[in-house]
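Right, one structure below, let's go through it.
The structure presented is a predicted model; accordingly, all values stated were derived computationally and were not measured. Residue numbering restarts at 1 for every chain, and letters A, B, ... go by the order of the sequence lines.
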2 protein chains.
Amino acid sequence: MNKIICEVEQKLRAGDYKLTPRREHILRVILQNKDKHLSAEEVYNLVKRRVPDVGLATVYRTLEIFQDLDVIHSIDFGDGRKRYEFGGEPGEGHHHHHLICTGCGKIIEVNEDLLEELESRVTSAYDFTITDHELKFFGYCRDCKQQKNKQP
Amino acid sequence: MNKIICEVEQKLRAGDYKLTPRREHILRVILQNKDKHLSAEEVYNLVKRRVPDVGLATVYRTLEIFQDLDVIHSIDFGDGRKRYEFGGEPGEGHHHHHLICTGCGKIIEVNEDLLEELESRVTSAYDFTITDHELKFFGYCRDCKQQKNKQP
DNA sequence: TTCTCTGCAAACAGTTTGCAATCCT
DNA sequence: AGGATTGCAAACTGTTTGCAGAGAA
């Protein structure tokens with residue numbers, strides 16, 4: 001984890017920013033909750049536990065910087081707020097998709113890409129240079145599916 | 001088009017709503033701009049041309065009703081407001097994806113689905129019942145690609 | 001000092017809601 | 001009359017911004 005923090009520090013320096021204590025706390029919270037897709041406010045609350053006097057604005061500003069530097073990126077699950085994932089979204093590899101359970105709101109990650117064929121088809125058919133994509137599946141997870149079957 | 005309006009009227013009645021003049025105007029604006037992905041405010045402005053005293057709240061309320069009845073559905077292109085497309089999103093057919101140009105913001109529709117294989121893989125691997133999906137490609141359209149090449 | 005960073009409060013944008021007036025039957 | 005519908009203004013939510021103070025080099 002410290003390695004990651006160092007890398008982020010490099011990126012910040014490269015962009016003429018410093019890794020201040022506040023920013024490091026924010027980064028740590030994101031890293032410690034990699035799987036959670038935290039919203040800005042959730043990050044804020046978690047940071048606040050350790051640094052009670054952070055301001056929400058600082059969290060927003062830091063998240064914006066992190067985004068610009070491709071340290072994190074935002075996704076929208078349709079709940080009206082942005083959520084953040086560690087990792088930028090440069091074209092190469094590491095893509096994953098999300099399954100969003102309409103029943104309980106759970107979010108499951110799919111760590112496969114599998115869109116290459118479709119991408120290349122789109123690229124040539126529409127003369128469109130793809131730099132990124134976002135794929136969400138909506139439906140019911142195992143638990144919610146079972147509940148649905150029980151009720152009626 | 002009148003046929004569609006009648007169908008919507010049926011749906012409204014079934015849900016204990018009426019097709020009021022206001023709602024009909026809103027519906028017409030949506031139908032006349034099927035390809036535009038209008039936001040609530042854009043719908044409002046267009047309706048206002050014909051019925052200057054509509055209220056924005058009515059547009060929002062109507063859009064919500066239409067959504068509940070699967071007459072329209074909303075998409076999020078990441079510009080901070082919901083946009084609406086005619087047509088519900090029930091599992092069957094008619095799916096399409098969107099190409100979003102990072103350069104000019106243009107939105108191109110891809111009228112192919114092509115996700116069946118991926119869907120079935122996800123369904124079995126994660127025990128997740130898919131009811132819908134949403135796929136967006138980000139990148140540069142032909143025009144913006146050319147401009148990028150010229151500038152440097 | 002000088003320049004970044006920060007907290008606070010105010011401003012914003014999109015959307016929702018309470019309420020009284022209006023419409024329709 | 002009675003219930004749905006509407007416009008208006010106010011409220012709300014998530015996010016951004018102006019500013020003056022704090023902090024670091």
In whole angstrom, what separates [X]'s [atom1] from [N]'s [atom2]?
| X | N | atom1 | atom2 | result |
| --- | --- | --- | --- | --- |
| Arg61(B) | dT22(C) | CZ | P | 16 Å |
| Asp68(B) | dT16(C) | CG | P | 11 Å |
| Phe77(B) | dG14(C) | CZ | P | 16 Å |
| Ile65(B) | dT5(D) | CD1 | P | 6 Å |
| Glu64(B) | dT15(C) | CD | C1' | 10 Å |
| Asp79(A) | dG14(D) | CG | P | 9 Å |
| Lys82(A) | dA13(C) | NZ | P | 15 Å |
| Arg81(A) | dT15(D) | CZ | C1' | 12 Å |

> Any sub-3.5 Å donor-acceptor pair from Arg142(B)'s side-chain atoms to Asp127(A)'s backbone N or O?
Replying inline: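 Judged by distance alone, no pair lies under 3.5 Å.
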> At what distance, to the nearest 0.5 angstrom, does OG1 of Thr131(A) lie from CZ of Phe138(B)?
Replying inline: 8.5 Å
> Roughly how far, to the nearest 0.5 Å, is the OG atom of Ser39(A) from the OH atom of Tyr44(A)?
Replying inline: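 One finds 12.5 Å between OH of Tyr44(A) and OG of Ser39(A).
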>> Within residues 15-52 of chain B, which residues have any heavy atom lying less than 4.0 Å from an atom of DNA chain D?
In response: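 Tyr17(B), Lys18(B), Thr20(B), Arg22(B), Arg23(B), in order of number.
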>> Tell me if the CD atom of Glu117(A) is crowded by more than 12 foreign heavy atoms within 6.0 Å.
In response: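 Atom CD in Glu117(A) is not crowded, with 12 or fewer foreign heavy atoms closer than 6.0 Å.
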> Does Glu85(A) come within less than 4.0 Å of Arg83(A), counting only side-chain N to carboxylate O?
Replying inline: no
> Is a salt bridge present between Asp68(A) and Lys11(A), judged by a nitrogen-to-oxygen distance below 4.0 Å?
Replying inline: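 Judged by the 4.0 Å cut-off on N to carboxylate O distance, Asp68(A) and Lys11(A) do not form a salt bridge.
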> For dT15(D), does either OP1 or OP2 sit under 4.0 Å from a side-chain N or O belonging to Tyr60(A)?
Replying inline: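 Yes, such a contact exists.
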> Ala57(A) has a side chain; which of dA9(C), dT6(C), dC8(D) sits nearest to it?
Replying inline: dA9(C)
